[in-house]
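In what follows, chains carry the letters A, B, and so on, assigned in the order in which the sequence lines appear, proteins first and then strands, with residues in each chain numbered from 1.
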Amino acid sequence: MTASAADRSIFAGYHPIINYVFFGYAVLVPILFMHPVLLAISFASAFSWFVYLNRGRGLKFGLGLVVPLMVIAALFNPAFNHEGATILFYMNDNPITLESVIYGICAAVMIGGVILWFACYNAVMTSDKFIYLFGRMVPAMSLVISMALRFIPRYRAQAGRIASARRGIGFDVSSGKFLRRVRSGGEILSVMVTWALENAIETSDSMRSRGYGLSGRTAYSVYRFDSRDRAMLVAMLALMAAVATALAAEVVSVMFFPLFTVSGTSPFGMAAFACHAAVCVIPLALDVREDVVWRMSLK
Amino acid sequence: MTIFEINNLGFAYPERAVPALDGVSVEIRSGEFLVICGKSGCGKSTLLRHLKTVLTPFGERSGDIVFDGRPLASVEQREQAARIGFVLQSPDNQIVTDKVWHELAFGLESLGEKTPVIRRRVAEMASFFGIQEWYGKSVSELSGGQKQILALASVMAMQPDVLILDEPTSQLDPIAAEDFIETLKKINDEIGTTIILSEHRLEGALPRADRAVAMASGRVICQGSSSEVGRALRAAADPMLSAMPTPMRVYLALESEGENGSESEREGAPEGGGNKDAHVPETVREGRVYLTEKLQDGAGGGQNGSGGREASDHPDAGEGSGRSVAGQDTDGERPARAKGEESITLKEVWFRYERSGNDIVKDLSLTLRAGELACVVGGNGSGKTTMLGVITGENRHYRGKVRVLGLDPKKAKGTRLSDAGLVALPQNPQTLFTRNTVLSNLIDVAAAHAENPSDHESVEREVRRVAELTDTVGLLGFHPYDISGGEQQRAGLAMALLARPKLLLLDEPTKGMDSFFKEKFSVMLRQLCADGLGVLMVSHDVEFCAKHADRCMLFFNGGVVSEGAPRAFFSGNSFYTTAANRMSRGLIAEAITAEDVIEYVRDRARGAL
């Protein structure tokens, strides 16, 4: 959301691989395994980290937008989904079941959590990191994305400049008859294409002049995988593996229909919840700890 | 050691009868700083592009180019990419990636360098060019000057032996341009890289160069030290002389008179024009030394008879008070024009872009009268362009009073203001064109502003009239993107005039114009003002403003801090003024152009006898 959040967050300072492994886990686990405890932990951590990152604005977004959306989602499901064995009451001759109510609530928490994780991602991650990841997978892609990110804002700015220059000599795109406005907009669009092609010649000169097209191109990145990253990756993977084992062994499992059954109260299950919580809370814990340490050191 | 040897190079673009290059022979020594000058279209770019195979244009070629002892064509692409660095004109077009760090690494990535190597080289370059602070930024956040420095740094990261630059400052304002040239000098001095620079702004480049090559219509007309080139151009009375730094122009104008024997009293003067080996002053400092000596010696050049009178005059000059330029009454030559009615009235106007942002225009008061050419000068980011936006209504002021041609831009909806006669020419005239030929662009505007758009004949007559006025008749058939920057400026002006302006706003109109066309442009403007048009021009080009404006204003921190007729205005400023004024400060009162200085010294020479 803001560059300042990306600068402020300690978690964002870790290597992109760490960031992506974390976000991948945080988003996929709730979607794939809608266990209420996992969902609750996930949602709570996402909500608190998001508010921590964006302060008052984050709270407004969370309570004002995400929560109402969740309420709607929770109501939506039982109204249309009539599966489940436990009938609570009838609405317009349709049965409302306990199972679909529970499912609706879980789905809502899942959706809310995922939205908040994406909002955190947006606040913390920069295009550089995205490009880095893709550069790793498809080296040619990293340059293409980087160029696109350079040209899109440029073209937008140029279109604005053309419109304003045209206004200066009496052609106003935003007023006049509809047809004339459409024609005027079309003219700008067509000259934009010419402009882009014209400039591309110099851009391609500049690229070729700097050796673009020679064989053996490498992809440079500013990120270094340091010892801190290694330690974090090992810890994260260990915790995730524990959760995955519990899920695979069905120590932690959930079934909504026809009857709502949920497991995970065994010690192993509790340990799995603890591991999940430990993973989810990593970014928040890092950020809070850093702020505390920083404040202490100032004293 | 010779790094480049160009032997009798000739080149013609396909299907063009006139060759772009004709018998060009230049030898470029390793480690030298070479400036190639000449008006636009003289073949500078074509020549430079021949020095790197990937950039060489297609066409008919003769002669050969030797790079570091081998024919250039036989040098491998990889080696050329690394050893021959090339910086192009447009800062925006030559930057490829979205992030500063990525752009710096681009060339090294192409060469297939490993990450640790790239990291070190990029770090070195970032610190050499002072880029650390914006290292992590997006390119779109940088200013034009910063972008061009970035383009330079990303080429330098490949550690080239030669750096070739094709008019790199043509799209920068004078302050950024000066910084850029200074950086080149630093590279040349501290790294020893050979520099080949083509320029039309010679004020900054020539004093820093070891050697200059002057070109005209595809031929080298002279080469040598800048003094030699200056003399040669003077001897040939070449129009390129007007692109030379002011001190050189003054010196050459005054000293060559003796050489030509046109003023017989100078002949035989010991340090007069006769000395062909004397260094021609290039910088303001050298110019001042020269001028001081010149005035002390007496214009008679060693004629003892007049020496006494000089001495008695001199203390006055030292104080910078006494003499007035050539006996002219200050700005007497253009008095009456500022008497028209007010076309722009700004009174205590304030503007900011965002509610929580800073004020960009602060407490600004300004007026412009019909028939007046007023220039607003001032540093980068002082809010000049924003002010133009306030006048056109693009930027809505939140306090103060604005009247433009009797209307309040805030309330004038749609095209009301332009219907009333307000026309604004943007900084980049390219943004005006939407049609395939210059002619159809002109007709478009003319038809939109004609009383009877369906009367094709009168529309065409109007287009022809304006095309002749703006000297665009020869350009009508071309695509507006295929003509040079100066020509685009002319075509843009033609479009502006066809919009029937009563008030014309110009934003940096002289940017990218060479000094030859600037003269033409000024004549055009004067003609329009004489016909009652009010012109408000925002410019960095102090020399142009000093020469041609009726009134100049200094813009600082969002408002006009001082204003006056150019002569009083520029001689009142001590830093933000013309080179001629800085050179003659304290020696000649109120001289602001090279012509002023030349005329004064000549008049004195006559008076002294």
Per-residue contact mode, [X] against chain B (heavy atom under 4.5 angstrom):
| X | value |
| --- | --- |
| A/Ser215 | both |
| A/Ile145 | neither |
| A/Glu202 | both |

Check: [Y] main-chain N/O paired with [X] side-chain donor or acceptor under 3.5 Å:
| X | Y | answer |
| --- | --- | --- |
| B/Ser110 | A/Arg210 | yes |
| A/Ser146 | B/Thr97 | no |
| A/Arg208 | B/Val54 | yes |

Heavy-atom distance under 4.5 Å to chain A: side chain of [X], backbone, both or neither?
| X | answer |
| --- | --- |
| B/Thr392 | neither |
| B/Leu425 | neither |
| B/Glu113 | backbone |
| B/Arg435 | side chain |
| B/Ile95 | both |
| B/Thr53 | neither |
| B/Leu55 | side chain |
| B/Glu103 | both |

Any idea which of [options] has the most non-hydrogen atom pairs under 4.5 angstrom with chain B?
| options | result |
| --- | --- |
| A/Met147, A/Arg167, A/Met192, A/Arg166 | A/Arg166 |
| A/Asp128, A/Ile188, A/Thr194, A/Leu149 | A/Asp128 |
| A/Ser209, A/Ser206, A/Gly216, A/Gly211 | A/Ser209 |
| A/Gly213, A/Ser164, A/Pro153, A/Ala163 | A/Ser164 |
| A/Arg224, A/Glu198, A/Arg161 | A/Glu198 |

Roughly how far, to the nearest 0.5 Å, is the [atom2] atom of [Y] from the [atom1] atom of [X]?
| X | Y | atom1 | atom2 | result |
| --- | --- | --- | --- | --- |
| B/Arg49 | A/Asp205 | CZ | CG | 4.5 Å |
| B/Arg119 | A/Tyr220 | CZ | OH | 5.0 Å |
| B/Ser90 | A/Asn199 | OG | CG | 6.5 Å |
| A/Tyr132 | B/His102 | OH | NE2 | 13.0 Å |
| B/Asp444 | A/Glu187 | CG | CD | 5.5 Å |
| B/Leu504 | A/Ile169 | CG | CD1 | 11.5 Å |

For each of [options], tally heavy-atom pairs with chain A at distances under 4.5 Å, and name the one with the top tally.
| options | answer |
| --- | --- |
| B/Arg500, B/His479, B/His449, B/Lys114 | B/His449 |
| B/Met158, B/Arg78, B/Lys52 | B/Arg78 |
| B/Met495, B/Glu394, B/Gln77 | B/Glu394 |
| B/Asn428, B/Val139, B/Asp482 | B/Val139 |
| B/Gly393, B/Gly389, B/Gly112, B/Gly107 | B/Gly112 |
| B/Ala496, B/Pro160, B/Ser154, B/Pro429 | B/Ser154 |

Shortest non-hydrogen contact from [X] toward [Y]:
| X | Y | answer |
| --- | --- | --- |
| B/Asp98 | A/Ser127 | OD2-OG, 3.6 Å |
| A/Arg217 | B/Phe106 | NH1-O, 3.6 Å |
| B/Ala81 | A/Leu214 | CB-CD1, 4.3 Å |
| A/Gln158 | B/Thr431 | NE2-CG2, 3.6 Å |
| B/Tyr481 | A/Val191 | OH-CG2, 3.6 Å |
| B/Asp92 | A/Arg150 | O-NH2, 2.8 Å |

Are more than 12 heavy atoms from other residues, nucleotides or ligands located less than 6.0 Å from atom [atom1] of [X]?
| X | atom1 | value |
| --- | --- | --- |
| A/Phe23 | CZ | yes |
| A/Arg156 | CZ | no |
| B/Glu141 | CD | yes |
| A/Tyr212 | OH | no |

Close side-chain approach of B/Tyr135 to A/Val222, heavy-atom, < 4.5 Å:
yes

Is a donor from one side chain sitting under 3.5 angstrom from an acceptor on the other, for A/Thr203 and B/Gln94?
no

